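None of these values were measured; they are calculated from a predicted model. Numbers restart at 1 for each chain; the letters A, B, ... are given by sequence-line order, proteins then strands.
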Protein chains: 2
Amino acid sequence: MNPLNDIFEGILKKNHLSITNQRKQIFDSITKLSPTSTSTLINDLTQIDRATIYRTIDLYIKLKVIKKIYIGFKYKLELSDLFSSHHHHFYCIKCHQIIDFDEPDDLDNLINNLSLKYSFKSTEHRLEINGLCQKCKEV
Amino acid sequence: MNPLNDIFEGILKKNHLSITNQRKQIFDSITKLSPTSTSTLINDLTQIDRATIYRTIDLYIKLKVIKKIYIGFKYKLELSDLFSSHHHHFYCIKCHQIIDFDEPDDLDNLINNLSLKYSFKSTEHRLEINGLCQKCKEV
DNA sequence: GTCGATGCAAAATGTTTGCAAGACC
DNA sequence: GGTCTTGCAAACATTTTGCATCGAC
């Protein structure tokens with residue numbers, strides 16, 4: 001019924017991994033709270049042992065169900081591009097709000113040019129912008 | 001004699017902070033190893049207490065002597081733009097090499113366009129690219 | 001029933017704090 | 001000499017591990 005859940009369970013099945021209650025609950029929490037942190041998950045899912053939460057997060061990162069992003073001065077966890085469109089983050093240094101923005105059209109060109117200039121092959125990139133959001137910049 | 005040291009000591013003086021041996025050694029280590037990690041500093045500077053290293057790193061970040069960057073899956077510490085030109089990082093996922101690249105000319109425009117579109121004011125940004133370096137992509 | 005996943009407990013690692021002693025200006 | 005800085009020790013937080021038990025398939 002839920003398309004995100006279908007993708008998620010499909011990934012587990014494809015890798016011959018069990019669909020357990022704990023794994024479902026952790027996935028659901030990340031979906032609801034994304035982006036969130038490990039400690040938030042530990043605090044919210046008190047019925048699940050922390051060791052399980054750490055192990056599951058590692059697993060999800062390996063399976064590319066989620067990814068780590070760097071916002072402000074902390075890591076957060078969010079669903080991978082398999083579940084939502086490729087985007088980046090603006091972080092308001094005053095109110096700590098996070099605004100997602102779509103991949104800019106010209107970023108691809110920019111990275112291609114860099115790849116040529118520096119002879120590397122890009123497989124992944126992150127653009128993180130900090131500053132003041134609309135409300136905070138007016139004050 | 002050393003221009004980086006002059007800038008560094010100038011910042012401490014301007015803020016009425018002592019220029020201690022520990023602070024000099026920690027600054028020197030970061031300069032040599034940049035980008036480096038807290039644990040590397042703790043292991044290298046065995047004569048300095050870890051508490052001092054943590055406190056000094058916090059201080060340097062507040063003073064904008066250094067900044068935290070996010071490479072691969074870890075934080076690293078490197079000298080701020082006061083000591084070297086504004087740049088970003090390419091990280092080779094195979095050999096773990098880090099290649100610095102200068103701020104691309106068109107990135108500024110790209111961020112200005114985003115600022116208009118999303119009504120935020122950017123004060124800082126990071127572009128991190130992962131992939132394969134010249135050598136590793138050939139294999 | 002089998003094998004992988006979880007919980008528990010403990011250890012390892014990383015970070016912060018209070019306070020007395022020491023170093024800088 | 002006064003004040004800021006450091007070291008030490010302990011506390012606190014975060015993450016990892018081994019192993020016995022439990023649950024998914």
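Look at CG on A:Asp58: it is 13 Å from C1' on D:dT17, rounded to the nearest Å. If you take CD1 of B:Ile42 and P of C:dT16, they are 10 Å apart, rounded to a whole angstrom. When the C1' atom of C:dT13 is taken as reference, atom OH of B:Tyr75 falls 17 Å away, rounded to whole Å. Taking atom CG of residue B:Leu59 and atom P of nucleotide C:dT17, one finds them 15 Å apart after rounding to whole Å. Remark: P of D:dT5 and CD1 of B:Ile53 are 17 Å apart, rounded to the nearest angstrom. Atom NZ in A:Lys68 sits roughly 14 Å away from atom P in D:dT14 (whole-Å rounding). The CG-C1' distance, from A:Asn43 to D:dT14, rounds to 12 Å in whole Å. The NZ atom of A:Lys24 sits 14 Å away from the P atom of D:dG23 (whole-angstrom rounding).
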With 3.5 Å as the limit, what N/O pairs link the protein to nucleotides 7-10 of chain C?
unit_1: C:dG7; atom_1: OP1; unit_2: A:Gln22; atom_2: NE2; d: 3.2
unit_1: C:dG7; atom_1: OP2; unit_2: A:Asp49; atom_2: N; d: 3.2
unit_1: C:dG7; atom_1: OP2; unit_2: A:Thr52; atom_2: OG1; d: 2.8
unit_1: C:dG7; atom_1: N7; unit_2: A:Arg55; atom_2: NH2; d: 3.1
unit_1: C:dG7; atom_1: O6; unit_2: A:Arg55; atom_2: NH2; d: 3.1

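Between B:Asn21 and A:Thr20, it is A:Thr20 whose nearest contact on DNA chain C lies nearer the 5' terminus.
For B:His96, the side-chain contact (heavy atoms from CB on, under 4.5 Å) partners at least two apart in sequence or on another chain are B:Tyr91. Partners of B:Asp81 by salt bridge (charged side-chain N to carboxylate O under 4.0 Å, His left out), not counting sequence neighbours, listed by chain and number: B:Lys67. Listed by chain and residue number, A:Gln134 satisfy the side-chain contact (heavy atoms from CB on, under 4.5 Å) test with A:Glu138 (two or more places apart in sequence, or in another chain).
Using a 4.5 Å cut-off between side-chain heavy atoms of Ile, Leu, Val, Met, Phe, Trp and Tyr, B:Ile99 falls into a hydrophobic cluster with A:Phe90, A:Ile99, A:Phe101, A:Leu107, A:Leu110, A:Ile111, A:Leu114, A:Tyr118, A:Phe120, A:Leu127, A:Ile129, B:Phe90, B:Phe101, B:Leu107, B:Leu110, B:Ile111, B:Leu114, B:Tyr118, B:Phe120, B:Leu127, B:Ile129.
The nearest pair of heavy atoms linking B:Leu132 to B:Cys92 is CA-SG, 4.0 Å. Closest approach of A:Ile42 and A:Arg50 over heavy atoms only: CD1-CB, 4.2 Å. Closest approach of B:Ser119 and A:Lys137 over heavy atoms only: O-NZ, 3.4 Å.
Between A:Tyr70 and B:Tyr75, the distance separating the two ring centers is shorter than 6.0 angstrom.
In this structure, a donor-acceptor pair under 3.5 Å is present between the side chains of B:His88 and B:Glu103.
For the pair B:Tyr54 and C:dT16, the criterion of a side-chain N or O lying under 4.0 Å from OP1 or OP2 is not met.
Within residues 11-19 of chain A, the residues that place at least one heavy atom under 4.0 Å from DNA chain C are, in residue-number order, A:Leu17, A:Ser18.
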